[in-house]
Visitor: 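Take this structure, written in structure tokens, and hold onto it; I'll ask about it next.
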There are 2 protein chains.
Amino acid sequence: MSPVDTKQRILEIAAELFARQGYTGTTIADIAGELGTTTAALYYHFPSKQAILIGLLAGPIRAYSRLLDGLDSGESTPQDLLTAIIDICADSRELATIFDRDPAALAMIDSQLPRSSAEMTAQTLAALAGPHPGRAALIRANAALAVAKAATLAALDLGGGALADADRAEVLAAALRSLAEPVKTPAP
Amino acid sequence: MSPVDTKQRILEIAAELFARQGYTGTTIADIAGELGTTTAALYYHFPSKQAILIGLLAGPIRAYSRLLDGLDSGESTPQDLLTAIIDICADSRELATIFDRDPAALAMIDSQLPRSSAEMTAQTLAALAGPHPGRAALIRANAALAVAKAATLAALDLGGGALADADRAEVLAAALRSLAEPVKTPAP
DNA sequence: GTCTATACCCGGATAGAC
DNA sequence: GTCTATCCGGGTATAGAC
């Protein structure tokens, strides 16, 4: 099989297993077994298990990193940011799962990323919470981010791996509602 | 040191490390080191690493399981359910983190729980989504559950480990907003 | 209840033939 | 590009003295 295809298949298999069993819970033998080869064959395509994880996440994380770069300079609204997050998660159910549910794996490759995963989350929350946020605003920012990730994953499962337009709108609306400062009822 | 105290200390240390590094990412040696003993000493108090995880989660999971039992028979509203989830998460930042972010660890002890973690999540979502839910209702249920867990964790971090009343109210409000079906603007 | 020492296994990784 | 064979380290767990 041509090397590029095999490399791609390894990445697909790894994405699925990492999402299901976690990164540390998945062995090289698991991947090789699914691929139908021995573990040694894997090392022709990737120098290490970590390299597979990086090969999987580097692209999406660079995209996300660029998104964050555009925040300071640009005119992005929270809605733009949440939409972008939803679309990134929608790109791959597996990657979104790893990103959302395996922080330990992310931390393991932090040093080889353009910025640390903690930093990216912090910047995202800061952008969602707005300038000089109080505790309530920070809580709402966390809520909105959680919705964008978790509800997108749920929608992907409902849609058989694809995110329907109506579902995307529903996720975004839910995230925006959780982000919105509730209207205070004025004292009578 | 009296056995009960040591056992308790082990659980506390394990909770913190499991939350920070994940279950598989934490070694018995890590726990023993933090405890100031050798790994062998740990095995006087717990027969296995899994037993530590179970000792940690069995109580809260039983509580959550009872909560779900009460749903069918009782008159619980989504608000009651979300409040209960928030309070369970607020009980221990560490346990909530494990529960939310380490599904692989939960799956590992599934067989020894009153019901599987997947089953518990499914029942929770069903209760939040209401009878005969459409896709949109299921998405909103997922959103609300994600808010209850993630925003509570955020609030605990903001509050130094405790959940202030105002913060609890903010989390619940955000979860309820994400759950609420948006009012449809009637065609003119 | 904790120690020293160690058995045992498993997972990541390498060497070298084909 | 994939194989067989193997090394090596680290992690769980045990034996038995103190």
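Values in this document were obtained by computation on a predicted structure and should not be read as measured data.
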Visitor: Answer yes if the side chains of A:D80 and A:T83 hold a donor-acceptor pair under 3.5 Å, and no otherwise.
Guide: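 No, because no side-chain N or O of A:D80 sits under 3.5 Å from a partner of the opposite role on A:T83.
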
Visitor: Using the side-chain heavy atoms of B:K49, tell me which of these nucleotides is nearest: D:dT12, C:dT2, D:dT2.
Guide: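 Minimum distance to the B:K49 side chain belongs to D:dT12.
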
Visitor: Expressed as a whole number of angstroms, how long is the span from B:I28:CD1 to C:dC8:P?
Guide: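 Computing the B:I28:CD1 to C:dC8:P distance gives 20 Å.
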
Visitor: Using whole Å, what does the distance between atom P of nucleotide C:dG12 and atom CD1 of A:I52 come to?
Guide: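 Those two atoms, CD1 and P, are 9 Å apart.
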
Visitor: From the set C:dT2, D:dT14, D:dC3, return the single nucleotide nearest to any side-chain atom of B:A40.
Guide: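 Per side-chain heavy atoms of B:A40, the pick is D:dT14.
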
Visitor: Write down the distance between CZ (B:F46) and P (C:dT2), rounded to a whole number of angstrom.
Guide: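 Distance, rounded to whole Å: 12 Å.
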
Visitor: Can you tell me how far C1' of C:dC3 sits from CG of B:L35, to the nearest Å?
Guide: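 About 14 Å, once rounded to whole Å.
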
Visitor: Over all strands shown, is B:T38 touching base, sugar-phosphate only, or nothing at heavy-atom distances under 4.0 angstrom?
Guide: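 The residue B:T38 makes base contact.
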
Visitor: B:K49 side chain to B:Y23 main-chain N or O, any donor-acceptor pair under 3.5 Å?
Guide: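 Yes, the answer is positive, given that a donor and an acceptor are paired below the 3.5 Å cut-off.
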
Visitor: Of the nucleotides C:dC3, C:dA13, D:dG11, which has the atom closest to the B:A41 side chain?
Guide: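 Of C:dC3, C:dA13, D:dG11, C:dC3 is nearest to the side chain of B:A41.
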
Visitor: Using a 4.0 Å heavy-atom cut-off, does B:T24 contact any base of the nucleic acid, only the sugar-phosphate backbone, or nothing at all?
Guide: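 Touches nothing.
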
Visitor: Rounded to whole Å, how long is the line connecting atom OH of A:Y23 with atom C1' of C:dG12?
Guide: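 Spelled out: OH on A:Y23 to C1' on C:dG12 is 10 Å.
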
Visitor: Can you tell whether the side chains of B:D165 and B:R168 come within less than 4.0 Å, N to carboxylate O?
Guide: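 Salt bridge flag = yes for B:R168 with B:D165.
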
Visitor: Do A:L179 and A:Q79 come close enough that some side-chain heavy atom pair is under 4.5 Å?
Guide: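 No, too far: nothing below the 4.5 Å cut-off.
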
Visitor: How many Å lie between OH on A:Y43 and C1' on D:dT2, as a whole number?
Guide: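 To the nearest whole Å, that distance equals 15 Å.
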
Visitor: Using whole Å, report how far CG of A:L42 lies from C1' of C:dA13.
Guide: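 So the CG-C1' distance, A:L42 to C:dA13, works out to 11 Å.
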
Visitor: Rounding to a whole Å, what distance do you find between B:Y44:OH and D:dA17:C1'?
Guide: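 To the nearest whole Å, that distance equals 16 Å.
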
